[in-house]
Participant: 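Quick one: structure below, then a few questions.
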Amino acid sequence: MSVHKNVTEPTYLEYRGKYKGIFAWILSTDHKRIGLLYLFSIMTFFIVGATIGLLMKFDLSLPGKL
């Protein structure tokens, strides 16, 4: 008769490494975390760029008034 322990491996969100918190995400070498960091940074830069583009369009729509 064998006894099985209820040991679960941590997921990529529950990574148990040398660092904790935001440093665990930034300094990670896990390919899943790196992919998520790329996704979030791409979305952030797209939103910032689109906002700046809309502000420039708004400024050009009112020539000489600002």
Side-chain angles (χ1 to χ4, degrees):
M1 184 168 150
S2 65
V3 177
H4 295 285
K5 292 184 179 180
N6 245 350
V7 178
T8 60
E9 294 183 20
T11 64
Y12 65 95
L13 295 175
E14 300 170 342
Y15 179 72
R16 294 186 186 124
K18 184 177 178 182
Y19 301 102
K20 302 287 183 205
I22 192 72
F23 288 115
W25 278 89
I26 294 173
L27 301 175
S28 176
T29 57
D30 183 18
H31 68 281
K32 292 177 223 144
R33 283 186 171 213
I34 292 171
L36 288 173
L37 287 173
Y38 270 114
L39 181 68
F40 293 142
S41 63
I42 288 169
M43 288 172 41
T44 301
F45 284 119
F46 178 77
I47 290 170
V48 168
T51 303
I52 291 173
L54 286 172
L55 287 174
M56 289 190 319
K57 275 294 210 187
F58 178 71
D59 186 33
L60 291 173
S61 69
L62 303 171
K65 296 195 179 188
L66 293 178

Participant: If I take atom CE from residue Met56 and atom CG from residue Asp59, how far apart are they, to the nearest 0.5 angstrom?
Facilitator: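 With rounding to 0.5 Å, CE (Met56) is 9.5 Å from CG (Asp59).
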Participant: Atom CG in Leu39, atom OG1 in Thr44: separation rounded to 0.5 Å?
Facilitator: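 Result: 9.0 Å between the selected atoms.
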Participant: Would you name the heavy atoms of Ser28 and Arg33 that are closest together and state the gap between them?
Facilitator: OG-CD, 3.5 Å
Participant: Specify the closest pair of heavy atoms between Leu37 and Trp25, including all atoms of both residues, with the distance to one decimal.
Facilitator: CD1-O, 3.2 Å
Participant: Are Ile22 and Leu27 connected into the same hydrophobic cluster when the rule is that any two of I, L, V, M, F, W, Y join if their side-chain heavy atoms are below 4.5 Å apart?
Facilitator: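 Result: yes, single cluster for both.
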Participant: Consider side chain to side chain contact (heavy atoms under 4.5 Å, CB included). Of Leu55, Leu62, Leu54, which one does Phe58 pass it with?
Facilitator: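 Exactly one pass, corresponding to Leu62.
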Participant: Given Val48 and Ile52, is the side-chain contact (heavy atoms from CB on, under 4.5 Å) satisfied, shown in steps?
Facilitator: CA-CA 6 Å; Val48 168; Ile52 291 173; 3.9 Å; yes
